[in-house]
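Quick notes on the structure that follows.
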There are 2 protein chains.
Amino acid sequence: MKPTIYDVAREAEVSIATVSKVINNTGRISDKTRKKVMDVMDRLGYRPSIVASALTGKRTYTIGLLIPDLANPFFAEIARSVENRGHELGFSIVLCSTDNDSNKEAKYIALLRQKSVDGIILAAGFNNDEILKQLVDEKFPIAVISQDIPSLAADSVTVDDYLGGYKVTEHLISLGHKRIAVFAENARSSKERIRGYRQALTDAGLDLDERFIYVCDSTIEGGKQQAREMLTITERPTAIFACNDLLAVGVMQAAREYGLTFPDDLSIIGFDNTILATSVNPPLTSVAQPIEEMGRQVMDLLVQRIEGATNMKRRVVLLPEMIYRGSTKPPVIH
Amino acid sequence: MKPTIYDVAREAEVSIATVSKVINNTGRISDKTRKKVMDVMDRLGYRPSIVASALTGKRTYTIGLLIPDLANPFFAEIARSVENRGHELGFSIVLCSTDNDSNKEAKYIALLRQKSVDGIILAAGFNNDEILKQLVDEKFPIAVISQDIPSLAADSVTVDDYLGGYKVTEHLISLGHKRIAVFAENARSSKERIRGYRQALTDAGLDLDERFIYVCDSTIEGGKQQAREMLTITERPTAIFACNDLLAVGVMQAAREYGLTFPDDLSIIGFDNTILATSVNPPLTSVAQPIEEMGRQVMDLLVQRIEGATNMKRRVVLLPEMIYRGSTKPPVIH
DNA sequence: TTGAAAGCGCTAACAG
DNA sequence: CTGTTAGCGCTTTCAA
C-alpha cells in the first residue's frame with residue numbers, strides 16, 4: 001500500500017498534525033523536526049493524497065477543458081498550450097470532447113463538478129449558453145478561449161476576429177478581386193469574421209452577394225461539399241476566404257476536382273494558420289492566432305479567478321496576424 | 001454550497017446510509033423510500049462527490065493519458081479516440097504532454113498517482129522504462145497504445161509495424177524502385193517499420209544502403225532537414241518511405257525547394273494516414289492505423305485490468321492498411 | 001513547537 | 001428495510 005500520513009508520523013515519531021505542517025509549510029516547526037519528517041517522507045516515498053486533501057476543502061488542482069474536436073489541428077494546439085501552462089502552474093487538465101453537442105457539454109460540466117475540478121476552460125464553440133450562465137451565477141471559475149460571449153460575465157481570451165476577417169478581405173480586394181466568397185462554420189468567431197468581411201467590402205464600395213456566404217460543417221469534407229456548390233454557379237467567385245484552414249483545404253480539394261489551380265484560377269486565404277497551411281500546395285496564406293499566448297493567458301486568467309484575485313470580467317483580445325504564402329494572386333481578367 | 005449527502009438525508013428524513021444505498025443501488029431499499037430519496041436528490045440538484053467517494057477506496061473514474069505531442073495529428077486522434085471510449089465507459093481523461101521527455105514522464109506519473117487515477121495509458125514513445133517496470137511491479141493498471149514493449153508485462157494495442165514497413169517497401173519495389181530511403185523517428189515503432197523495410201529489400205534481393213536510413217526529429221522540420229541532406233547525394237534514392245506523415249510532408253517540402261515534383265521525380269509513402277495525407281498535393285499514399293479501434297481497445301484493456309478481470313499480459317495487434325493515393329510511380333530510368 | 005481531536009462527504013459493515 | 005458508526009487521508013483549530 002501507498003504510505004499515508006500516519007505511516008510517516010509513526011516513523012518520524014511525531015503526530016500527523018506535524019507532518020501535515022511540514023508538507024504544507026504552515027505553522028512553526030523546528031528545523032530538526034522538519035528534517036526528520038522530510039527524511040522519512042522520502043525514505044518512504046510518501047506523496048500526500050490529493051484526493052484526501054481535496055476533501056478537506058483544498059484544491060484538486062485539476063481543470064476541465066471543453067473542446068469541440070481534437071481532429072481540428074487548431075483545437076489540438078489549443079489543448080496543448082493550455083495543458084502546457086496548466087502544468088507549469090501545477091494544474092492537470094481533463095480533456096472533454098464536446099463535438100459541439102450542447103447535450104454533451106452539459107453532461108461534461110456536471111461530471112467535472114462532481115469531480116470537484118477547480119475551474120473549467122471552454123474552447124471555441126460552446127453552445128449551451130444556459131449552463132454557462134448558471135456557472136457564472138454560481139461564481140464557478142470559468143474562462144473562455146477563442147470565443148467571446150459578450151453577454152456573459154466570464155473571462156475570455158480571443159483574437160480580434162472582426163479585424164482578421166477585415167484584413168483578409170481587404171487583401172483580396174487589393175489584389176483586384178471583386179467576387180469574394182466566404183466559407184464559414186456556424187460559430188460565433190465565424191460571425192465576427194464575416195462581419196469584418198462585410199465591412200471591408202462596404203469600405204471598398206463593393207456589393208455583397210449573400211449567396212457567397214457558405215456555412216459549412218467545420219471539416220475538410222464540409223468545405224469540400226459547399227465548394228462544389230460554389231464552383232458550379234456562373235460568375236463564380238475568384239477568391240475565397242475560408243474561416244478556418246480545414247475549410248480552406250476542403251475548398252482546395254474540390255477545386256482540384258474541377259481542374260482548377262491555386263492561385264492561378266482561384267485565390268484562397270485560410271484562418272488559424274495550422275499545420276495544414278504549410279502542408280498544402282501551394283502553401284496557404286492564413287491568419288495566425290497566437291495560440292501559445294492564448295493558452296497561457298486563459299490559464300492565467302482562470303487560475304487568478306480560482307484564487308479569487310478578482311471578480312470583474314476580463315477580456316483579453318489579441319491581434320491576428322496574416323501570414324502571406326502563395327495562395328493568392330490577382331484575378332485573371334476575362 | 002453544493003448539497004451533501006446529509007442535506008439529502010435530512011430533507012428525505014432518512015439516514016445518510018439509506019441515501020448512499022440508493023445512490024449506489026446497493027442493499028435493499030423499499031420503493032417508497034427510494035423514490036422519496038430520489039425526488040429530494042433532484043430537487044436539490046444533488047450530485048455525489050467523487051472525491052469523497054474515492055477517499056473511501058472507490059474509483060476516481062479518472063485515467064491518465066501520457067502522449068508525446070498533440071501537434072502531431074496522429075496523437076491528437078489517438079487522444080480523441082481514447083477520450084471517446086473513456087467517456088463511454090464513465091472515465092475522464094487527464095491529458096499529459098510528455099514531449100518525449102523521460103523526466104516529464106516520471107513527473108506526470110508521480111502526479112497522476114498522487115491524484116489517485118485508476119489507471120494510465122501510455123501512447124507511443126514512452127521512454128522511461130524504469131518507471132514503467134515499477135508500475136507494472138506494483139500492479140498499477142497501465143496499458144500501452146501504439147507501442148509494444150516486449151520486455152514489459154503491460155497490455156498493449158499496436159498495429160503490426162513490421163508488416164506495415166514491409167508492405168510499403170514491397171510496394172515501392174514492385175514499382176521498380178531500387179534505391180529506397182527511409183525516414184524514421186527515434187521510436188520503437190519506427191524500428192519495427194525499418195525491420196520490415198529491411199526484410200522486404202532482402203526478399204527482393206536488393207542491397208540495403210545504410211546511408212538511406214535517416215533518423216529525424218518527429219516534425220515536419222525534422223523531415224525537411226534530413227531530406228535536404230538526402231537530396232544532395234549522388235545516386236540519390238528514387239523513393240522514400242516516411243515512418244510518419246509529418247516526416248513525409250517535410251520531405252515533400254524539401255524536395256519542392258529543389259524543384260522536384262511528386263510522384264514524377266520522387267515517390268513517397270507515409271505512415272499513420274493522418275489528415276495531412278489527404279491535405280498535401282499530390283495526396284499521400286500512407287499506411288492507416290485503425291485509430292478509432294485502437295483507442296477503444298486500449299481503453300477496454302485498461303478498464304478490464306482496473307476491474308481486476310485478468311492479470312495476464314494481453315497484446316492486441318491490428319493490421320495496418322495501405323491507402324493508395326497518388327504519391328508513387330515507377331522511377332524514371334535515366 | 002507540538003499534538004489531540006473534530007470534521008470534510010461518503011461507504012460499508014453491523015445491528016436492529 | 002433502515003440506521004449507527006467507524007473509518008478513508010488529510011487539514012485545521014485549539015490546547016498544552
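Being a predicted model, the structure only gives us computed values, none of them experimental. A, B, ... follow the sequence lines: proteins, then strands. Residue 1 opens every chain.
Counting to the nearest Å, the P atom of dA13(C) and the CG atom of N24(B) are 13 Å from each other. In this structure, the CZ atom of R28(B) is 17 Å from the C1' atom of dG3(D), given to the nearest Å. Atom NZ in K58(A) sits roughly 18 Å away from atom P in dG9(D) (whole-Å rounding). The distance from atom CD of Q114(B) to atom P of dG9(D) is 15 Å, rounded to the nearest whole Å. Rounding to whole angstrom units, CZ of residue R59(B) and P of dA12(C) are separated by 11 Å. In this structure, K2(A) places its NZ atom 15 Å from P of dC8(D), rounding to the nearest Å. In this structure, the CD1 atom of I16(B) is 11 Å from the P atom of dC8(C), given to the nearest Å. Atom pair I23(A):CD1 and dG3(C):C1' shows a separation of 15 Å (rounding to whole Å applied).
Between T18(B) and the phosphate of dG3(D), there is a side-chain N or O to OP1/OP2 separation shorter than 4.0 Å. A sub-4.0 Å separation between OP1 or OP2 of dA4(C) and a side-chain N or O of S15(A) is absent. Note on T26(A): every side-chain N or O is 4.0 Å or more away from OP1 and OP2 of dT11(D). OP1 or OP2 of dT2(C) sits under 4.0 Å from a side-chain N or O of S30(A). Taking 4.0 angstrom as the limit, T33(B) places a side-chain polar atom (N or O) nearer than this to OP1 or OP2 of dT2(D).
Salt bridge annotation for K35(A)-D39(A): present, with a cationic side-chain nitrogen under 4.0 angstrom from a carboxylate oxygen. Remark: R296(B) engages E88(B) in a salt bridge, criterion side-chain N to carboxylate O under 4.0 Å. Taking the charged nitrogens against the carboxylate oxygens, R188(B) and D148(B) have no contact shorter than 4.0 Å, which rules out a salt bridge.
Residues from residues 3-13 of chain B with heavy atoms under 4.0 angstrom of DNA chain C, sorted by number: T4(B), I5(B), Y6(B). A heavy atom closer than 4.0 Å to some atom of DNA chain C occurs in L55(A), these being the qualifying members of residues 38-55 of chain A.
Separating the CG atom in D69(A) from the OG1 atom in T219(A) is a distance of 9.5 Å, to the nearest 0.5 Å. Separation of atoms OG1 (T18(A)) and CD1 (I29(A)) is listed at 5.0 Å; rounding is to 0.5 Å. Atom CD1 of I142(A) and atom CG of L301(A) lie 12.0 Å apart (nearest 0.5 Å).
Taken over five-pair windows at either terminus, the axes of the helix from dT1(C)-dA16(D) to dG16(C)-dC1(D) are inclined to one another by 40° (rounded to 10 degrees).
Of all non-hydrogen atoms in P3(A) and D7(A), the two that sit nearest each other are CA-OD2, 3.1 Å. Of all heavy-atom pairs between Y61(A) and D118(A), the closest is N-OD2, 2.6 Å.
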Stepwise side-chain hydrogen bond (donor to acceptor under 3.5 Å, both in side chains) test for S92(B) and K115(A): CA-CA 10 Å; S92(B) 303; K115(A) 298 208 169 167; 2.6 Å; yes
Residue pair V19(B), I23(B): steps toward the side chain to side chain contact (heavy atoms under 4.5 Å, CB included) verdict: CA-CA 6 Å; V19(B) 178; I23(B) 293 170; 4.0 Å; yes
Residue pair K133(B), D129(B): steps toward the side chain to side chain contact (heavy atoms under 4.5 Å, CB included) verdict: CA-CA 6 Å; K133(B) 205 143 275 168; D129(B) 292 15; 5.6 Å; no
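One donor-acceptor pair, N or O on each side, does fall under 3.5 Å between the base of dG3(C) and the side chain of K21(A).
With respect to D155(A), the side chain to side chain donor-acceptor pair (under 3.5 Å) criterion is satisfied by exactly one of R305(A), K313(A), Q304(A): R305(A).
The side chain of A17(A) lies closest to dT12(D), out of dT11(C), dC1(D), dT12(D).
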